[in-house]
Amino acid sequence: MGIQDFGKSQKALEVRYQRETGQPLTKEVELEPRLRCDDFPPNQRYYTLIWQALELEKISESKAAELLNMTIEALRIERVQQKVYAIA
């Protein structure tokens with residue numbers, strides 16, 4: 001996609017909105033998002049930091065499971081697997 005000029009992108013969006021709806025795009029109008037969560041790649045650093053914090057006991061298992069969007073049981077299984085496959 002590349003780098004785009006914000007002003008040009010905003011103007012193009014305003015023109016497109018005006019053409020499709022017949023109304024000007026004001027700051028009070030909130031557009032629906034077009035991207036889904038699946039459109040974004042997982043952030044490896046985020047996951048690594050959560051696992052490190054869990055290992056150092058800076059956060060609890062329940063908090064780590066919440067941040068990783070998994071159940072506590074799935075987190076415990078993953079934790080055991082990481083220990084089994086860890087390089088000593």
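Throughout, residue positions are numbered sequentially from 1 according to the sequence presented.
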Quiz: residues 19-30 side-chain donor-acceptor pairs under 3.5 angstrom, not counting sequence neighbours:
{"from": "E20", "atom 1": "OE2", "to": "R16", "atom 2": "NE", "distance (Å)": "3.1"}
{"from": "T21", "atom 1": "OG1", "to": "Y17", "atom 2": "O", "distance (Å)": "2.7"}
{"from": "T21", "atom 1": "OG1", "to": "Q23", "atom 2": "N", "distance (Å)": "3.2"}
{"from": "T21", "atom 1": "OG1", "to": "Q23", "atom 2": "O", "distance (Å)": "3.3"}
{"from": "T26", "atom 1": "OG1", "to": "E28", "atom 2": "OE1", "distance (Å)": "3.2"}

Under 3.5 Å donor-acceptor pairs involving side-chain atoms of residues 46-57, not counting sequence neighbours:
{"from": "Y46", "atom 1": "OH", "to": "L67", "atom 2": "O", "distance (Å)": "3.1"}
{"from": "T48", "atom 1": "OG1", "to": "Q44", "atom 2": "O", "distance (Å)": "2.8"}

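The 12-atom threshold is exceeded at CG of D5, counting heavy atoms of other residues, nucleotides or ligands nearer than 6.0 Å.
A distance of 9.5 Å separates OG in S60 from CG in L75, rounded to the nearest 0.5 Å. To the nearest 0.5 Å, atom CZ of residue R76 and atom CE of residue M70 are 13.0 Å apart.
Residues passing the side-chain hydrogen bond (donor to acceptor under 3.5 Å, both in side chains) test with T71, sequence neighbours excluded: none.
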